[in-house]
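Step one of this worksheet: look at the structure below.
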Amino acid sequence: MASYNVEEVEERIKKFWEKEKIYKFDIKRKGKIYSIDTPPPTVSGDMHIGHAFSYSQQDFIARFRRMFDNNIFYPFGTDDNGLPTEKLVERINKIKSKEMSRSEFIKLCLKTLKNITPDFIKQWKDLGISADYDICYSTIDKNSQKISQKSFIELFKTGRIYKKNFPSIWCPECQTSIAQAELEDKELQSFFSTIKFESEGKVLPIATTRPELIPACVAVFVNLSDERYKKFIGKKAKVPLFDYDVPIFADKSVEIEKGTGVMMVCSYGDKFDVDAINRYKLEPRVIFNYNGTLNFGKYKGMKILEARKKILEDLDKEGLILGKKQISHFVNVHDKCGTEIEFLPTEQWFIKILDKKKILISEGKKIKWYPKFMYKRYENWVNGLEWDWNISRDRHFGVPIPVWNCINCKETILPEEKELPVDPLEKKKICPKCKRVAEPETRVLDTWATSSLTPQLASSLIGNRIKLPYSLRPQAHDIIRTWAFYTIVKSYLHEKKIPWQNVMVSGFVRLKGEKMSKSKGNVIKPKEVIQKYGSDSMRFWAAGSKLGEDLNYQEQDLIAGKKFVTKLFNASKFVFMNMRKTKPKKPKKLEKIDELFLSELNRAISATTTRFKEYNYSGARLVIEQFFWKDFCDYYLEMVKKRIYKGKSNEKLSAQYTLYQSLLSILKLVAPIMPFITEEIYQTYYRKHEKEKSIHLSGWPKYEKFSEKNDWGVLVKNISLVRQAKTQKQIPLNSISDVITIPVKEYKIIKTYEEPFISVSGALVIKAGKEFKIDFPEVKVK
RNA sequence: GGUCCUGUAAGCUAAUGGUAGACUACAUCCUUGACGUGGAUGAUGCGCAGGUUCGAUUCCUGCCAGGACCACCA
């Protein structure tokens with residue numbers, strides 16, 4: 001152990017942990033179980049820095065709890081179900097899923113996943129995430145499919161799940177319906193064109209950003225109190241270019257000031273149109289195919305944007321455009337692909353949730369959110385819900401909806417539980433009523449319908465021994481409206497329970513205040529950071545900001561962690577350089593200064609423990625950092641050095657005992673944040689004297705009441721004054737000083753610790769006086 | 001438009017109703033038997049305006065700036 005080789009040590013320690021199964025969950029271990037509903041990362045090529053950030057933060061808590069509570073359930077999972085995986089597989093294999101059969105594509109997905117998942121998970125191991133990787137699920141594995149399908153069947157049987165033909169949010173790119181939670185805003189440049197509609201020979205101008213919807217127009221709305229258009233109410237309007245009539249209604253939702261004050265209702269431009277068409281029982285004119293092309297006339301087959309351009313040209317030719325201006329506005333897009341969404345009438349499966357908004361809010365309130373304000377985001381989301389949860393997706397790769405439909409009698413046929421998991425496409429079912437072959441449901445479940453069951457998925461791997469609520473759900477704030485929300489929904493609907501007692505919500509990593517994204521090209525790869533600085537440093541960095549706060553990434557911040565590792569390494573080397581061969585027993589009488597330092601240690605343990613318990617890992621880091629570097633290294637070590645070198649045996653033993661114990665405690669306090677270096681030091685110096693085979697399995701340091709006296713502070717202050725004086729005089733810190741005068745009030749305290757004080761200050765005489773003063777021997781001028 | 005979060009040194013980040021503390025960078029000095037990948041010292045800071053208070057960086061209100069989420073987007 002000459003100098004600390006980060007790469008070599010971390011690799012070796014990692015192997016040690018795996019070989020010794022340090023993080024293996026054992027239900028028989030003593031102590032209350034602390035259970036964590038670990039987030040399953042979406043499988044992709046590389047870990048994102050945001051992952052490194054938030055998984056480190058949850059691992060601090062996991063490691064703290066492992067040492068504190070003794071028994072921790074910390075499973076691992078991967079999310080590889082649904083669109084992101086499909087897209088990844090398409091990219092890797094350079095194919096299009098819709099051009100393959102479902103079973104072919106699924107096979108390819110599973111094969112691709114098998115190839116890339118191990119390397120992906122390895123990055124979590126490299127970071128030192130202390131999950132039990134043997135308790136590992138994938139959201140697409142057979143067991144997960146079974147549990148997810150079982151959930152569907154249960155909810156269907158209780159009437160929570162229904163099927164409805166309804167204009168739903170549709171992504172023309174992914175060609176599937178999606179849920180409200182999957183919408184995102186995107187700013188787009190667009191033309192706001194005023195189009196000439198007519199009614200009885202008079203002009204009715206309508207402004208729109210979506211002229212391609214003109215042929216889908218089924219009504220025109222004006223405001224009842226709008227003097228300009230009042231006279232048209234009840235009459236017909238002629239739709240330009242397409243030459244058919246639509247009714248003109250008065251509707252109070254029309255804002256007089258907006259656009260021209262006249263609006264067209266199309267099937268379907270937005271949620272408002274859906275609502276309006278229902279209210280007035282209008283016959284929709286659906287002009288889009290599922291793939292986002294138009295379905296009629298000369299525009300047939302054109303993509304929406306293409307058709308928009310063409311229709312504008314045609315309108316222009318006919319002199320039907322009254323005005324045109326460029327605007328930028330926000331539109332709803334699909335969060336996975338950024339495509340503008342449409343509303344298309346399709347038959348979809350829904351979980352009814354709108355009637356449970358109130359209770360879902362009160363369920364959310366029962367959970368402790370860290371930081372607290374994150375609860376508000378949940379509440380806002382639930383309050384703003386306008387759709388039931390659409391759980392069907394027209395995709396290939398996902399958990400199949402376990403249903404057959406009888407076309408004849410409309411009966412929905414469910415599988416038996418023992419048949420699960422089942423792919424209806426692969427199995428024939430006969431309608432029990434009509435005795436005819438039923439049609440298999442072709443769609444799959446929304447990926448959240450499965451990942452909202454992560455507590456059950458993980459628990460199922462150990463015989464369902466972990467019950468709701470779990471102790472902790474760690475996650476980032478972007479998925480409060482999805483993962484957190486849906487998990488609360490399912491736990492309530494199935495068990496009438498909250499899924500977890502606590503939620504800790506991490507912030508985001510930013511770069512110069514900006515969100516990192518591939519498109520901006522400002523992505524930092526944790527792999528490379530770890531290679532350069534080590535996992536301990538990476539984790540130390542992740543502990544640098546409060547829970548829930550975003551953190552600006554800058555490479556120089558990694559230096560602090562790296563230095564801290566070196567310091568721990570060197571301090572430990574020093575301590576054991578002067579240690580006896582056997583474990584130093586507690587002497588009958590401790591030196592005063594050792595006693596004082598142990599009491600300071602007590603204080604630090606107490607502060608760290610409190611902070612970790614409150615998920616305040618950054619506060620904990622601050623305390624330990626300060627205590628180890630300043631109090632332990634800069635002051636205590638300096639004070640005991642000489643005694644260690646040449647003290648009498650009992651004096652020496654007192655120092656050795658104190659050093660041994662306090663360093664061990666410090667290492668334990670640091671262990672949740674820096675698991676590698678602390679394990680390395682533990683194995684090198686402590687293992688032969690201590691019974692636990694890993695520091696991470698050792699008990700959290702205990703603390704007792706400590707005195708409120710501030711002797712340590714006084715001592716530190718005076719030593720600091722001595723150093724200040726020497727620095728000002730530009731002389732070495734170990735130089736001798738003649739007389740040090742201490743203020744009367746503090747003199748008594750210093751006198752109590754005279755030996756260590758003299759040892760550090762090099763004073764020949766200490767005396768009481770009015771104020772602090774230091775005299776140096778006269779230096780003869782050459 | 002609504003809800004929420006954040007504004008502290010050059011950068012990053014704490015605590016606090018009473019002298020604002022680390023870290024990185026910077027400057028000066030110190031090579032002493034753990035560590036120069038070190039030690040010591042130093043300089044620079046509470047977004048703006050009111051209010052409550054003996055006293056506000058902290059509590060309240062407004063404003064400004066940044067961010068998140070939602071709504072609207074004819």
Side-chain angles (χ1 to χ4, degrees), chain A residues 3-4 180 183-185 187-188 190 192 194-195 206-210 213 217 220-222 253-255 258-266 269-273 276 327-332 371 373-381 383-386 477-478 480-481 507-508 510 512-515 540-541 544-546 548-578 618-619 621-623 625-626 629-630 633-634 637-638 641-642 644-645 720 722-735 762:
Chain A
S3 80
Y4 190 71
Q180 191 182 346
L183 296 181
E184 216 173 63
D185 277 352
E187 188 167 18
L188 288 179
S190 183
F192 200 40
T194 306
I195 313 294
I206 294 182
T208 179
T209 53
R210 301 203 56 190
L213 282 173
C217 178
V220 168
F221 281 8
V222 296
S253 65
V254 178
E255 285 173 45
K258 211 162 185 176
T260 61
V262 187
M263 64 180 274
M264 58 176 187
V265 175
C266 305
D270 54 28
K271 205 162 44 194
F272 174 84
D273 285 342
I327 55 158
S328 88
H329 65 156
F330 287 90
V331 293
N332 269 328
F373 66 77
M374 289 295 179
Y375 164 73
K376 274 277 165 202
R377 301 199 181 179
Y378 170 81
E379 190 186 276
N380 282 346
W381 174 253
N383 273 325
L385 279 176
E386 297 190 43
H477 61 71
D478 55 332
I480 289 176
R481 64 180 187 170
F508 274 162
R510 308 172 152 279
K512 295 181 186 121
E514 282 193 346
K515 211 168 155 176
F540 192 75
W541 163 78
S545 82
K546 270 196 302 190
E549 297 284 309
D550 292 347
L551 182 61
N552 268 311
Y553 175 85
Q554 39 176 15
E555 191 172 339
Q556 60 172 27
D557 287 343
L558 272 303
I559 295 170
K562 200 161 185 196
K563 283 188 169 183
F564 197 79
V565 169
T566 308
K567 192 76 176 173
L568 278 168
F569 176 83
N570 283 316
S572 308
K573 190 166 79 181
F574 170 73
V575 165
F576 284 90
M577 228 159 66
N578 302 292
S618 60
R621 184 192 111 169
L622 231 54
V623 172
E625 205 181 352
Q626 186 81 14
W629 205 302
K630 300 282 178 202
C633 293
D634 292 349
L637 283 190
E638 294 301 328
K641 251 180 188 172
K642 287 195 181 137
I644 280 283
Y645 295 143
S720 170
V722 172
R723 289 174 170 170
Q724 208 171 325
K726 288 182 177 175
T727 301
Q728 268 160 17
K729 242 181 158 332
Q730 307 195 343
I731 56 175
L733 291 181
N734 65 340
S735 55

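Here is how names work: the chains are called A, B, and so on, in the same order as the sequence lines, proteins then strands, and each is numbered from 1.
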Exercise for the section: Check the distance between B/rU24's C1' and A/Tyr553's OH and give it to me in whole angstrom. Expected result: 13 Å
Problem - Interatomic distance at C1', B/rG45 relative to B/rG2, whole Å - result: 35 Å
Fill in the blank from the handout: A/Phe508 CZ to B/rG67 P, in whole Å, measures 15 Å
Exercise for the section: Between A/Ile559 and A/Asp478, just flag the one whose closest nucleotide in RNA chain B comes earlier from the 5' side. Expected result: A/Ile559
Practice task
Calculate the interatomic distance between A/Arg510 atom CZ and B/rG67 atom P; express it in whole Å.
Solution key: 8 Å
Handout entry: Pairwise C1' distance, B/rU58 and B/rG47 [rounded to whole Å]
Key = 15 Å
Exercise for the section: Using the P atoms only, state how far B/rG66 lies from B/rU28, rounded to an integer number of Å. Expected result: 39 Å
Completion exercise
From OH of A/Tyr4 across to C1' of B/rG38 the rounded distance in Å is 19 Å
Exercise for the section: Could you work out the separation of B/rA22 and B/rC12 based on their C1' atoms and round it to a whole Å? Expected result: 11 Å
Practice task
Would you kindly give the CD-to-C1' distance between A/Glu386 and B/rC72, to the nearest whole Å?
Solution key: 11 Å
Problem - Span that lies between the P atom of B/rC72 and that of B/rA14, in whole angstrom - result: 36 Å
Exercise for the section: Sugar-phosphate means primed atoms, P, OP1 and OP2; the rest is base. With that split, encode nucleotides 27-34 of chain B 5' to 3' as B, S or - using protein heavy atoms under 4.0 Å. Expected result: -SSSSBBB
Fill in the blank from the handout: Paired runs of 3 or more consecutive Watson-Crick or G-U pairs involving RNA chain B, with both pairing distances under 3.5 Å, are B:1-7 with B:64-70, B:26-30 with B:38-42, B:47-51 with B:59-63
Exercise for the section: Establish, with yes or no, whether the OP1 or OP2 oxygen of B/rC35 is under 4.0 angstrom from a side-chain nitrogen or oxygen of A/Lys562. Expected result: no
Completion exercise
Here the gap from A/Asp634 atom CG to A/Gln626 atom CD, rounded to the nearest 0.5 Å, amounts to 9.5 Å
Exercise for the section: Check whether any side-chain heavy atom of A/Phe192 sits under 4.5 Å from a side-chain heavy atom of A/His329, and report yes or no. Expected result: no
Problem - A/Val262 and A/Phe221, any side-chain heavy atoms less than 4.5 Å apart - result: no
Practice task
Can you check each nucleotide of nucleotides 7-17 of chain B against protein heavy atoms at under 4.0 Å and return B for base, S for sugar-phosphate only, - for none, in 5' to 3' order?
Solution key: ----SSSS---
Handout entry: Check: A/Lys726 side chain, A/Leu733 main-chain N or O, donor-acceptor pair, under 3.5 Å
Key = yes
Problem - C1' atoms of B/rA49 and B/rU57, separation to the nearest Å - result: 15 Å
Fill in the blank from the handout: To the nearest angstrom, the CZ-C1' distance between A/Phe272 and B/rC72 comes to 12 Å
Exercise for the section: Tell me what A/Ser720 touches on the nucleic acid: a base, only sugar-phosphate, or nothing, going by heavy atoms under 4.0 Å. Expected result: sugar-phosphate
Exercise for the section: Please determine if A/Glu379 and A/Lys376 form a salt bridge, counting it only when a charged side-chain N lies under 4.0 Å from a carboxylate O. Expected result: yes
Handout entry: Atom pair CG/CG of A/Asn332 and A/Asp270 - distance to nearest 0.5 Å
Key = 9.5 Å
Handout entry: Validation row: A/Arg621, A/Phe564 side chains within 4.5 angstrom (heavy atoms)
Key = no
Exercise for the section: Find out whether A/Val220 and A/Val265 are in side-chain contact, i.e. whether some heavy atom of one side chain is under 4.5 Å from a heavy atom of the other. Expected result: no
Handout entry: Within-4.5 Å side-chain heavy-atom neighbours: A/Lys562 and A/Phe540
Key = no
Practice task
Would you tell me if any nitrogen or oxygen in the side chain of A/Trp541 comes within less than 4.0 Å of OP1 or OP2 on B/rC23?
Solution key: no
Practice task
Kindly point out which of B/rG38, B/rC23, B/rA71 is positioned nearest to the side chain of A/Ala560?
Solution key: B/rC23
Problem - Centroid-centroid under 6.0 Å between A/His477 and A/Phe508 rings - result: yes
Problem - Euclidean distance, atom CZ of residue A/Arg377 to atom P of B/rC5 [Å, nearest integer] - result: 9 Å
Practice task
Give one of base, sugar-phosphate or nothing for A/Glu379, where a contact means two heavy atoms less than 4.0 Å apart.
Solution key: nothing
Handout entry: Separation of atom CZ in A/Phe373 from atom C1' in B/rU6, rounded to whole Å
Key = 9 Å
Handout entry: Span that lies between the P atom of B/rA25 and that of B/rC63, in whole angstrom
Key = 42 Å
Fill in the blank from the handout: Closest to the side chain of A/Gln724, out of B/rU41, B/rU37, B/rU24, is B/rU41
Exercise for the section: Output the distance between atom SG (A/Cys217) and atom CD1 (A/Ile206), rounded to the nearest 0.5 Å. Expected result: 6.0 Å
Practice task
Taking the side chain as every heavy atom from C-beta outward, state whether A/Gln554 and A/Asp557 have any pair of such atoms under 4.5 Å apart.
Solution key: yes
Exercise for the section: Taking the six-membered ring of A/Tyr553 (Phe, Tyr or Trp), confirm whether the NZ or CZ of A/Arg510 is under 6.0 Å from its centre and within 45° of its axis. Expected result: no
Exercise for the section: Could you measure between the two C1' atoms, the one in B/rG62 and the one in B/rU52, and give it in whole Å? Expected result: 15 Å
Exercise for the section: Have a look at A/Lys563 and say if it touches a base, only the backbone sugar-phosphate, or nothing, with a 4.0 Å heavy-atom cut-off. Expected result: sugar-phosphate
